[in-house]
Amino acid sequence: MAGGGDKAPGQYLGGWGNFGSPPQKGITTYSLSPNRQRPLAGAWHNAIFNTYRRVKGQIFYIVPPFAVAYFAMSWAEERNRYLNSKAGRAEFAAEEEE
């Protein structure tokens with residue numbers, strides 16, 4: 001049979017990663033002690049400066065449309081207040097009667 005020898009049904013092959021084959025040669029494994037790892041080293045510093053860099057690059061795409069929308073909305077609200085005031089109704093009273 002192919003596959004490294006005869007295997008009987010129900011034969012134990014080994015745990016995960018160790019299916020009964022000889023150990024691999026020429027593979028070097030490096031590890032670092034858990035108490036020497038610093039997974040969040042420099043995270044706050046990088047987050048602040050990376051956020052600044054990204055905002056600086058996008059500010060001219062975001063601010064102008066919001067500024068135009070803000071000024072258009074404030075103009076529309078002021079115009080609505082005027083048209084619904086006593087002076088606005090008196091100014092456009094002739095147009096309403098037609």
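Here CG of Asn46 is found 10.5 Å from CZ of Arg53. Values are rounded to the nearest 0.5 Å. We find the CZ-OG distance between Arg36 and Ser31 to be 13.5 Å, quoted to the nearest 0.5 Å. Rounding to the nearest 0.5 Å places NE2 of His45 at 11.0 Å from CG of Asn50.
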Please tabulate, for side-chain N and O atoms in residues 67-76, each donor-acceptor pair with protein atoms closer than 3.5 Å (sequence neighbours left out).
| unit_1 | atom_1 | unit_2 | atom_2 | d |
| --- | --- | --- | --- | --- |
| Ser74 | OG | Tyr70 | O | 3.3 |
| Ser74 | OG | Phe71 | O | 3.0 |

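Taking Ile, Leu, Val, Met, Phe, Trp and Tyr as hydrophobic and joining them when side-chain heavy atoms fall under 4.5 Å apart, one finds Phe60 in a cluster with Val55, Ile59, Val63.
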